[in-house]
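Structure, as structure tokens:
In what follows, every chain begins at residue 1, and chains take the letters A, B, ... in the order their sequences are listed.
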Protein chains: 4
Amino acid sequence: MKAEPPAADKGSGAGRPRDPRIDAAILRATAELLVEIGYTNLTMAAVAERAGTTKTALYRRWSSKAELVHEAAFPATPSAIETPPGDFGSDLRAMIEVTRDVFVTPVVRAALPGLVADMTADADLAGRVAARFGDVIVALRVRLDEAIKRGEVRSGVEPERLVDLIGGATLLAVLQSPEDLISGDWVDGITEILVRGVSAP
Amino acid sequence: MKAEPPAADKGSGAGRPRDPRIDAAILRATAELLVEIGYTNLTMAAVAERAGTTKTALYRRWSSKAELVHEAAFPATPSAIETPPGDFGSDLRAMIEVTRDVFVTPVVRAALPGLVADMTADADLAGRVAARFGDVIVALRVRLDEAIKRGEVRSGVEPERLVDLIGGATLLAVLQSPEDLISGDWVDGITEILVRGVSAP
Amino acid sequence: MKAEPPAADKGSGAGRPRDPRIDAAILRATAELLVEIGYTNLTMAAVAERAGTTKTALYRRWSSKAELVHEAAFPATPSAIETPPGDFGSDLRAMIEVTRDVFVTPVVRAALPGLVADMTADADLAGRVAARFGDVIVALRVRLDEAIKRGEVRSGVEPERLVDLIGGATLLAVLQSPEDLISGDWVDGITEILVRGVSAP
Amino acid sequence: MKAEPPAADKGSGAGRPRDPRIDAAILRATAELLVEIGYTNLTMAAVAERAGTTKTALYRRWSSKAELVHEAAFPATPSAIETPPGDFGSDLRAMIEVTRDVFVTPVVRAALPGLVADMTADADLAGRVAARFGDVIVALRVRLDEAIKRGEVRSGVEPERLVDLIGGATLLAVLQSPEDLISGDWVDGITEILVRGVSAP
DNA sequence: ATTTAAACGAGACGGTACGTCTGGTCTTGTA
DNA sequence: TACAAGACCAGACGTACCGTCTCGTTTAAAT
């Protein structure tokens with residue numbers, strides 16, 4: 001359950017408006033603390049204190065620690081793919097890089113494990129997190145279809161499996177050895193396997 | 001910090017020995033509760049009660065909830081690959097199935113998310129969990145090398161990437177849509193992409 | 001260390017004020033439980049439960065079990081002596097009766113032994129308990145001085161010794177045979193010895 | 001419940017006899033720790049460790065912490081009164097000094113408060129502690145009777161009240177301001193009041 | 001000389017209270 | 001209405017201590 005909309009439903013006008021500087025301060029404080037002490041050790045009280053506000057103000061905006069962290073970790077939708085559509089190899093590589101770039105962020109790295117845990121206990125949250133990546137997945141599906149039409153990719157490939165492989169490999173790598181991810185070699189290796197794996201014979 | 005070894009180092013003889021039935025009862029209770037109420041809701045006190053013992057007895061054996069769950073979830077090393085080595089396609093498929101079978105267990109599914117969260121905050125624990133899968137990874141490496149020597153697999157393929165892809169895809173799938181995993185289709189799709197991805201041209 | 005003052009120092013205004021009904025409920029529950037199960041068996045959790053609140057609320061107000069019991073046992077300063085000053089014999093008897101009445105209370109009887117034990121380990125607490133009886137002692141001193149001036153009492157008598165004798169005898173009697181205390185005989189015997197003991201020859 | 005007798009009941013002979021050095025070491029360790037850290041902080045495990053033995057050996061000899069402390073604090077019966085009977089004033093003063101001397105011991109001072117607390121919860125223990133002082137009380141009674149016969153003391157005086165006053169005053173003083181007790185002035189003051197208090201007119 | 005019963009060290013065990021911490025809600029007074 | 005402050009409920013946390021028990025070993029007295 002979200003608690004967010006300040007002026008959303010209807011009688012927006014009445015009462016004292018929320019101070020947007022507080023929103024920003026809370027998100028900043030959350031991100032900082034995530035990196036400094038990790039998800040588990042992060043406390044709502046600590047966030048409030050560092051943001052120079054109080055717990056009440058947090059819960060007015062986010063209904064739980066998980067929601068707050070989720071928003072602090074993914075400030076904006078990873079903006080799909082900006083590369084102009086070319087051959088599928090380039091498309092795939094771009095997509096892997098986008099994924100990698102998101103996961104490699106210190107904040108995301110700090111937030112992910114805890115978020116993963118909370119998601120399994122809270123389906124709503126899980127949905128919202130998944131939605132963040134929806135655009136990328138849709139884009140992948142579109143370009144995959146085009147590549148199949150062009151004959152570049154064999155027709156049996158299911159996009160869901162590709163998502164599992166790209167997302168999963170990135171997730172696992174960031175959990176185990178994040179430093180590997182940064183080098184281009186990691187992207188090269190994954191890309192090569194996957195491109196060959198889906199190419200038409 | 002582990003708390004485990006009762007008679008490990010050497011000066012074993014003295015004192016009342018631990019009752020192994022208690023070890024078993026604790027692990028069983030932990031596994032049951034994991035499945036029933038999940039990692040987050042699982043309480044040391046509840047485990048103790050169901051196991052017919054006390055918190056003290058738990059903490060004498062495992063230094064934290066994370067350690068206990070880790071041991072309850074992976075009672076035994078996933079026993080590497082038992083398939084007789086054949087062509088690399090079969091090897092890879094067997095490996096994927098082994099991985100899938102481990103992750104698909106109700107206990108592991110219940111334990112994983114929380115474990116993932118705790119691992120990032122506790123490097124020791126992370127190491128111990130990773131070690132559980134060491135054998136499988138070594139086996140993969142060996143068979144990959146043989147396949148390269150036989151000319152089945154191109155020489156540039158790094159085994160670490162394959163591990164990232166197999167483990168990661170399984171992890172992500174089990175977190176998002178565990179029911180997909182059970183069907184053979186999921187294994188088929190992943191296997192086909194990866195086998196083609198690493199095969200010599 | 002006390003934890004008490006909610007609005008003590010000065011910056012009182014802010015925040016939700018403590019609910020005074022909770023203070024009262026806690027003290028009442030403590031007194032009841034003291035009488036029912038005794039100091040040793042009294043548990044902070046049990047007090048909280050009976051008071052219809054939580055341990056947190058207790059510890060916000062009293063820093064330890066000893067502090068709480070101390071306050072529950074001596075809700076108000078034993079209100080000095082109300083008898084109009086007469087001859088010193090009456091004064092002394094009144095004082096002994098006041099002391100006896102305080103110690104004979106079921107709550108005090110239940111609390112005393114544990115309190116005595118804790119006081120030696122905690123000088124602060126000891127001071128606070130002693131302060132409860134400060135008024136009575138001051139009153140005794142004043143009336144003793146007056147009696148000396150009137151020639152009723154010999155001049156060498158130290159009030160501290162009288163306090164030791166009255167308080168000590170009452171304490172010991174309540175610990176050993178509380179039923180003796182209730183009868184007027186006990187007060188008679190003690191009074192007679194002490195009055196004769198301090199009277200001018 | 002005591003646990004003591006090693007060779008008491010009948011079949012004394014058999015088995016390994018207790019090592020008397022362990023008895024001594026335990027009592028010494030208990031006395032030391034009482035003075036150093038007090039009754040409440042004293043731990044059976046700590047006693048065992050300092051005595052160079054184990055908890056089992058303690059519980060073989062004493063059934064509880066209270067019993068052990070009781071024996072460590074009062075190693076020998078306060079040996080009644082050794083003064084040759086003279087006038088009752090001297091008798092009383094001797095008795096007060098004996099009482100004072102026992103209570104002023106560092107070990108007794110450290111043990112008393114806790115013991116007092118445990119005694120109220122354990123009637124057996126209370127009886128045993130009281131018995132320690134039985135001889136002194138009997139002696140007091142005898143000499144009081146003699147003094148009454150001699151016409152030194154008025155006949156109405158009850159010995160129990162005198163015990164309350166002497167014991168109580170000493171107990172209270174040792175709890176509140178032990179340093180006062182050491183000076184002869186304290187004994188003088190108490191003695192004078194009590195002697196005058198009981199003397200025949 | 002052999003049995004035997006008990007003391008011994010070590011430490012696990014059940015049980016229970018402690019005081020602390022956190023998440024999330026509710027209630028003040030003030031702006 | 002938002003806000004700062006902080007009390008509130010609920011309940012898990014990990015630690016500590018008590019007194020009991022179960023080992024395997026040692027030691028003296030009884031056979």
Any donor-acceptor N/O pair, B:Thr43 side chain to B:Ala46 backbone, under 3.5 Å:
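Not a single qualifying donor-acceptor pair exists.
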Main-chain N/O of C:Arg60 paired with C:Arg18 side-chain donor or acceptor, under 3.5 Å
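Looks like yes, one N/O pair under 3.5 Å.
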Identify whether NZ of Lys or CZ of Arg in D:Lys65 sits under 6.0 Å from the centre of the six-membered ring of D:Tyr59 and within 45° of that ring's axis.
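No, D:Lys65 does not sit over the ring of D:Tyr59.
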[X] [atom1] - [N] [atom2] separation (whole Å):
X	N	atom1	atom2	answer
D:Arg16	F:dT25	CZ	P	14 Å
D:Tyr59	F:dC17	OH	P	12 Å
D:Leu42	F:dA16	CG	P	16 Å
D:Arg18	E:dG9	CZ	P	12 Å
D:Met44	F:dC21	CE	P	15 Å
B:Trp62	E:dA12	CH2	P	13 Å
C:Arg21	F:dA7	CZ	P	16 Å
A:Arg60	F:dC3	CZ	C1'	6 Å

Intermediate values then yes/no, side chain to side chain contact (heavy atoms under 4.5 Å, CB included), C:Val47 and C:Trp62:
CA-CA 12 Å; C:Val47 171; C:Trp62 295 278; over 6 Å; no
Nearest heavy atom decides the nucleotide; on that basis, is C:Thr56 or A:Thr56 closer to the 5' end of DNA chain F?
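Its nearest nucleotide being more 5', the pick is A:Thr56.
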Closest-nucleotide 5' rank along DNA chain F - winner of D:Pro17 and C:Asp19:
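Closest to the 5' end, via its nearest nucleotide, is C:Asp19.
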Over 12 foreign heavy atoms within 6.0 Å of CD, D:Glu49
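No - once you tally the heavy atoms of other residues, nucleotides and ligands closer than 6.0 Å, there are 12 at most.
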What's the closest nucleotide to the [X] side chain, out of [options]?
X	options	value
D:Thr54	E:dT20, E:dG14, E:dG9	E:dG9
C:Ile22	F:dC8, E:dG23, F:dA12	F:dC8
D:Thr43	F:dA4, F:dC18, E:dC13	F:dC18

Which is true for [X] with a 4.0 Å heavy-atom rule: it touches a base, it touches only sugar-phosphate, or it touches nothing?
X	answer
D:Leu58	nothing
A:Lys55	base
B:Thr53	sugar-phosphate

Residue whose closest nucleotide on DNA chain E lies nearer the 5' end, A:Ala45 versus D:Pro20
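The residue mapped nearer the 5' terminus is D:Pro20.
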Which residue lies toward the 5' end of DNA chain E, C:Asn41 or B:Ala57, if each is placed at its nearest nucleotide?
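With C:Asn41 and B:Ala57 compared, the 5'-side residue is B:Ala57.
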If only side-chain N and O atoms of C:Arg61 are considered, is one of them under 4.0 Å from the OP1 or OP2 phosphate oxygen of F:dC8?
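It does, given that an N or O in the side chain of C:Arg61 lies less than 4.0 Å from OP1 or OP2 of F:dC8.
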